[in-house]
Amino acid sequence: MAFSLSQFTQDSNTQNEAQYKFQIDASKQMQSLTQQAADDALWRAAQNNAMAKVKGMSKLAEAANQLS
């Protein structure tokens with residue numbers, strides 16, 4: 001079965017376009033996942049910071065109770 005040059009070019013262009021769209025979608029997904037990971041990391045840091053403050057206040061209150 002013989003293919004014409006124009007048919008081959010059209011098929012190649014169709015494949016290139018499909019691959020390009022796939023790469024764009026993959027890139028958007030990766031950006032979304034990266035943003036989600038950054039947000040999660042910031043949330044964890046904020047939670048750890050809040051817990052450290054609570055523990056610090058607890059130790060301060062404990063020391064004050066021991067002094068009285």
Problem - Residues clustered with V54, ILVMFWY side-chain links under 4.5 angstrom - result: none
Handout entry: From N13 atom CG to T9 atom OG1, the distance as rounded to the nearest 0.5 Å
Key = 6.5 Å
Practice task
Give, for atom CD of Q29 and atom OG1 of T34, the distance between the pair rounded to the nearest 0.5 Å.
Solution key: 11.0 Å
Practice task
Any pair with a residue in residues 16-45 that passes salt bridge (charged side-chain N to carboxylate O under 4.0 Å, His left out), sequence neighbours left out, goes on the list, sorted by first then second residue, please.
Solution key: E17-K21
Exercise for the section: Quick one: pull up OG in S12 and CD in Q7 and give me the separation to the nearest 0.5 Å. Expected result: 12.5 Å
